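Input: one structure, supplied below.
Just the heavy atoms: all of them, side chains too, but no hydrogens, waters or symmetry mates, feed the values below. Here the structure is a predicted model, which is why all the values come from computation and not from measurement.
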Amino acid sequence: MSTQRLLAPTLRSTSAATLAVSGYVHAQLYVDQYRFIHVIGTLFLLQASVSFALAALLLAGISPLPLRAAAAAAGVALGALAGFTASRTVAMFGFSEHGLQPAPQALLSLLAETGTLLLLAIWQVTVIRQHRARLPARRPTWDRATTRTPSS
């Protein structure tokens with residue numbers, strides 16, 4: 001098996017791992033502190049659950065399921081990053097935090113979600129390139145208006 005053929009499954013598996021790490025961090029924060037915070041606690045539990053489910057779907061490998069799960073995983077990661085930013089700027093549902101608190105979970109979550117997005121983007125580019133490489137080469141079509149025909 002060539003390196004190119006191993007790249008897509010490796011990126012898919014690594015994306016699933018970073019997504020699972022993000023889910024674990026959110027589950028840990030829910031259990032330790034956030035389950036008592038109205039709305040926010042429920043959102044942390046939801047994010048953790050969806051992250052674990054999507055990580056499992058990414059690992060399933062039955063086409064086109066991983067591609068669809070990747071799109072949802074990107075949405076989850078973007079949503080988590082948006083929630084992180086909002087909780088530190090404008091507050092969400094009356095809840096706000098400052099800096100990278102709680103430490104180290106805030107930093108780990110940021111790294112995992114950013115890594116998930118980067119790995120998913122690279123994986124998608126790899127899949128598209130591999131698909132295009134499998135397509136037969138197309139011959140150029142000539143524009144009839146610019147081609148000369150021999151005069152009779």
Can Leu108 and Val21 be said to form a side chain to side chain contact (heavy atoms under 4.5 Å, CB included), step by step? CA-CA 8 Å; Leu108 292 174; Val21 166; 5.6 Å; no

So, taking the atom named CD in Gln47 and the one named CD1 in Ile40, what distance separates them when rounded to the nearest 0.5 Å?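 Spacing of CD (Gln47) from CD1 (Ile40) equals 12.0 Å.
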
Check the pair Arg129, Gln124 against side chain to side chain contact (heavy atoms under 4.5 Å, CB included), reporting the backbone distance first and the verdict last. CA-CA 9 Å; Arg129 284 187 179 165; Gln124 293 301 307; over 6 Å; no

Whether the side chain of Arg88 engages the backbone of Gly99 through a donor-acceptor N/O pair (distance < 3.5 Å, no angle test) should be reported. yes

Any idea which heavy atoms bring Leu19 and Ala55 closest together, and the distance?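 The pair with the smallest heavy-atom distance is CD2-N, 3.7 Å.
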
Quick check on the hydrophobic clustering: are Leu78 and Leu120 connected, directly or via other members, by side-chain heavy-atom contacts under 4.5 Å? no

Please report the closest heavy-atom contact between Ala48 and Gly23, naming both atoms and the distance.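 Closest approach of Ala48 to Gly23, heavy atoms only: CB-O, 3.3 Å.
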
side-chain contact (heavy atoms from CB on, under 4.5 Å) partner of Trp123, the single match among Leu58, Ile128, Leu118: Leu58

List the steps and the verdict of side chain to side chain contact (heavy atoms under 4.5 Å, CB included) for Ser109 and His26. CA-CA 8 Å; Ser109 180; His26 281 81; 3.2 Å; yes

Within a 6.0 Å radius of atom CZ on Arg35, are there more than 12 heavy atoms belonging to other residues, nucleotides or ligands?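 Buried by this count: over 12 neighbours within 6.0 Å.
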
Kindly say whether Leu111 contributes a backbone atom to a donor-acceptor pair with the side chain of Thr114 at under 3.5 angstrom? no

Shortest non-hydrogen contact from Ala77 to Glu113?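 Taking Ala77 first and Glu113 second, the nearest heavy atoms are CB-O, 3.9 Å.
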
Is it true that Phe95 and Tyr30 fall in one hydrophobic cluster, defined by side-chain heavy atoms closer than 4.5 Å? yes

Are Ile37 and Thr42 close enough that some pair of their side-chain heavy atoms sits under 4.5 Å apart?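 No - every pair of side-chain heavy atoms lies 4.5 Å or more apart.
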
Once you round to the nearest 0.5 Å, how far does CZ of Phe84 lie from OG1 of Thr89? 10.5 Å

Val50 with Leu119, same ILVMFWY side-chain cluster at under 4.5 Å: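 Both belong to a single hydrophobic cluster.
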
What are the two closest heavy atoms between Thr18 and Gly115, and how far apart are they?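 In this case the closest contact between Thr18 and Gly115 is OG1-C, 4.3 Å.
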
Is there a side-chain contact between Phe93 and Leu43, using heavy atoms and a 4.5 Å cut-off?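 The answer is yes; the side chains approach within 4.5 Å.
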
Ignoring hydrogens and angles, tell me if any N or O in the side chain of Arg12 forms a donor-acceptor pair with the backbone of Pro66 under 3.5 Å.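 Looks like no, no N/O pair under 3.5 Å.
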
Joint cluster assignment, Leu45 & Val25, ILVMFWY side-chain distance < 4.5 Å: yes

Could you report the tightest heavy-atom contact between Ala8 and Val127, atom names first, then the distance? CB-CG2, 4.4 Å

Would you say that Leu100 contacts Leu110 through its side chain, given a criterion of any heavy-atom pair below 4.5 Å between the two side chains? yes

Answer yes if Leu7 and Ile122 sit in the same cluster of Ile, Leu, Val, Met, Phe, Trp and Tyr residues linked by side chain heavy atoms under 4.5 Å apart, and no otherwise.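 Yes; tracing contacts between hydrophobic side chains, which count when under 4.5 Å, links both residues.
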
What is the minimum heavy-atom distance between Pro102 and Glu97, and which atoms define it?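 What the structure gives for the nearest pair is CD-OE2, 3.4 Å.
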
Apply side chain to side chain contact (heavy atoms under 4.5 Å, CB included) to the pair Leu57 and Leu54, showing each step before the final yes or no. CA-CA 5 Å; Leu57 289 175; Leu54 289 172; 4.2 Å; yes

For Tyr34 and Phe44, take the angle between the two ring planes, folded into 0 to 90°, and tell me which bin it lands in: parallel under 30, tilted 30 to 60, perpendicular over 60.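 Tyr34 vs Phe44 ring planes: perpendicular.
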
Quick check: are there more than 12 heavy atoms from other residues, nucleotides or ligands sitting under 6.0 Å from OH of Tyr24?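 Atom OH in Tyr24 is not packed in, count stays at 12 or less.
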
